[in-house]
Each structure stands twice: as structure tokens, then as C-alpha cells.
Amino acid sequence: MHTEKILIIGANGQLGTVLTQRLQEKWGLKNVIASDIYPSDQLNGKFEILDATNFDGVQKIVKHYRITQIYHLAAVLSANGEKDPLKTWNINMTTLFNVLETSRLNSVGKVFFPSSIAVFGDNVQKELTPQYSILTPSTVYGMSKVAGENWVSYYHEKYGLDVRSIRYPGVIGYQSLPGGGTTDYAVEIYHKAMNNEPFECFLKNTATLPMIYMEDAIRATIELMDAPKTNITVRSSYNLAGMSFSPMQIAKTIQKLYPDFKIAYKPDFRQEIADSWPQSIDDSCARKDWNWMPNYNLESMTEDMIRNLKLREECFV
Ligand code: AKB
């Protein structure tokens, strides 16, 4: 098998932590270079401190390790992004430009750019939102992802750079905590239930959003990156669906295992963001082009989350 040299930017994040480990299993510890602005307390293997807003820093690592693939996961998410819009734009766009330019100049073979359901705003069909919809995002994070989708498509068109991208729904996993997103409640709720604590939800009970279990999100990412180039017909970013549920539905599913679990609703500014997003996603292009198919629904995800959170708790006592 040929060997790739992989750079992950934002390896300490929710997705990065798990994706780094999977890529290490796939390509070997020595072929995966994890990086972030802070040292990692979870990851083994090669790790570099990298501020991806610094072009020279990105370029130095790419040259030094002769990187052939970059997963660029660093970004300020939807809710945190609204606290400082200009800084969010600057970080999200500068890091992307640095990755695209370094990849072009150093003939990096493949780049992964994560987009999000945050690219959609009002003016779209909220149920089974189509791949090709009008994109009028309500957050700076969403604006940076729409611009990012156009830039990756431009780099593919003009320079032949093989950038691939997924519009992630909210990602839920037991391995890591999200930070600063609108869908984060759906991870925290499991930790509260496990600790027999009540949960105050920052979204209203009926706020249905597209979500995906970490296992499926990681598998989708790797399947997209492994797909033959000729299969990739979407060069902006693929719609991806896992499941859709509201806070009330996830709470009811948890209550089947924890009957005393209590939830209260106190919607804040994040409800407005959730209102602007789709409720479910049409991912037929991903299904057709690279055979995407999710494995988990709300019930099977809940069982797996709780089983794994319990296992982790046992390990730490
Ligand atoms: C967020 O809530 O900002 C993210 C996302 C859907 O991109 N989880």
C-alpha cells in the first residue's frame, strides 16, 4: 500500500481528537502529524504546536514532513463565533487560505475542508434541504463556511487541488467535548444524565436539527477521502445526513435508560441560530457518489453513548 503523510490542523477539537486516532490506525503513528495551538493531553504520536493563521508555520510543517494530505479542522464555531464576528471571520478564512496556498505551492495531494449545515439560512426548504440550495447563512461561522466552499471549489477549478468537503450536521460523540457550537447541547445532555444531574437546555424543546454520531461522521470523512477522484461530483461540499431530533426527543430516549432524568428548557441566543438551520438534510449526492449510508439512529446512538461513557467512567475510578 502506498503511504501518505497526513497533517491534521485542529487535532485537539471534538472531531480532530477522534479523526487523528483513526488516521493513525489507518496510516501508522509515524505518518500522522497532529497539530493545534495548544499541546494535547489525549493524543499519542507526532504532535506539533501550530497556529494556522501563520502562513510560514503551516508551510514549515508541510515541507518538513513532506505532507501529502491535510485535514483542516480548525475553526471558530457558530455560537462562539457570534461573540466576536470579525475575529471569527479572520481566523476561519486566514487558516483556510494558508492551507490552500501551502497545498498548492507544495503539491499536497488531497485536502479535507469541513463545512457545516450552518451554510443554510432562511430561504431554504427546512425538511430534506437539497444539496443545491440558496445559501444565506445567519452566522459569521456560516458565512465563513459558504465562502470557504467557494474557495475550495475555486482552487480545484483553477489549480486542480483535490479538496473534498462535507457539510457536517451536529456531531455527537463520547470521546471528546465540542466547544462553542449550537448543537453542543446534544453531547452535554448525555454527561448530565450519566451523572444523575438535571439538564438545562439552551434550545427549546421542539428545536429539531440534523445530527450525526461520531462513528458515522468519521467514517463519512474517511470514505469521502478514499473515494476515487472521478466519483467526486460536488466540489463545494457534500450534504450529509445522520439523523434528526429535537431536545424533547433525545431527552425521552435518554429517559428510557434513566427514568429519573430531568430536563428544563431555557432558550438563549442559540435558539435563533437553530431556527435558521434545516431540520433534515437530503444527502442523495453523497449516497450516489461515494455510497454514503449512516449506521446510527437516535436509539442506537444513545445506547452506544451511554455504554461508552460508563466504560470511560469505570476506567477513571
Ligand atoms: C455548530 O453547532 O456550530 C457546529 C455545526 C453544526 O457546524 N456543531
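Ligands are counted one by one from 1 in listed order, and the atoms in each one are counted from 1 as well. Note that the coordinates shown come from a computational prediction; the quantities given were computed from them, not determined experimentally. These values consider heavy atoms only, across backbone and side chains, with no hydrogens, waters or symmetry-generated copies.
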Exercise. With a cut-off of under 6.0 Å to the ring centre and 45° to the axis, is Arg164 in cation-pi contact with Phe112?
Worked result: no
Taking only distance into account, with no hydrogens and no angle test, what donor-acceptor pairs under 3.5 Å do side-chain atoms of residues 89-99 form with protein atoms, sequence neighbours excluded?
residue: Asn90; atom: OD1; partner: Thr94; partner atom: OG1; Å: 3.0
residue: Asn92; atom: OD1; partner: Val76; partner atom: N; Å: 2.8
residue: Asn92; atom: ND2; partner: Val76; partner atom: O; Å: 3.2
residue: Asn92; atom: ND2; partner: Ser144; partner atom: OG; Å: 3.1
residue: Thr94; atom: OG1; partner: Asn90; partner atom: O; Å: 2.6
residue: Thr95; atom: OG1; partner: His72; partner atom: NE2; Å: 3.2
residue: Thr95; atom: OG1; partner: Ile91; partner atom: O; Å: 2.8
residue: Thr95; atom: OG1; partner: Asn92; partner atom: O; Å: 3.2
residue: Asn98; atom: ND2; partner: Ala52; partner atom: O; Å: 2.9
residue: Asn98; atom: ND2; partner: Thr53; partner atom: O; Å: 3.1
residue: Asn98; atom: ND2; partner: Thr94; partner atom: O; Å: 3.4

Exercise. Do you see a donor-acceptor pair shorter than 3.5 Å between the side chains of Ser276 and Ser138?
Worked result: yes
Problem set entry | From CA spacing to verdict: salt bridge (Lys or Arg N to Asp or Glu O under 4.0 Å), Arg287, Asp283 | CA-CA 6 Å; Arg287 289 177 187 241; Asp283 61 357; 2.7 Å; yes
Exercise. With a 3.5 Å cut-off and no angle check, do the side chains of Glu101 and Tyr155 form a donor-acceptor pair?
Worked result: yes
Seminar exercise, completed: Residues with a heavy atom under 4.0 Å from ligand 1, by chain and number, are Leu77, Ser78, Ser116, Ile117, Tyr141, Gly181, Thr182, Thr183, Trp277
For this session: Compute whether any side-chain donor of one residue and acceptor of the other, for Ser115 and Glu149, lie under 3.5 angstrom apart.
Result: yes
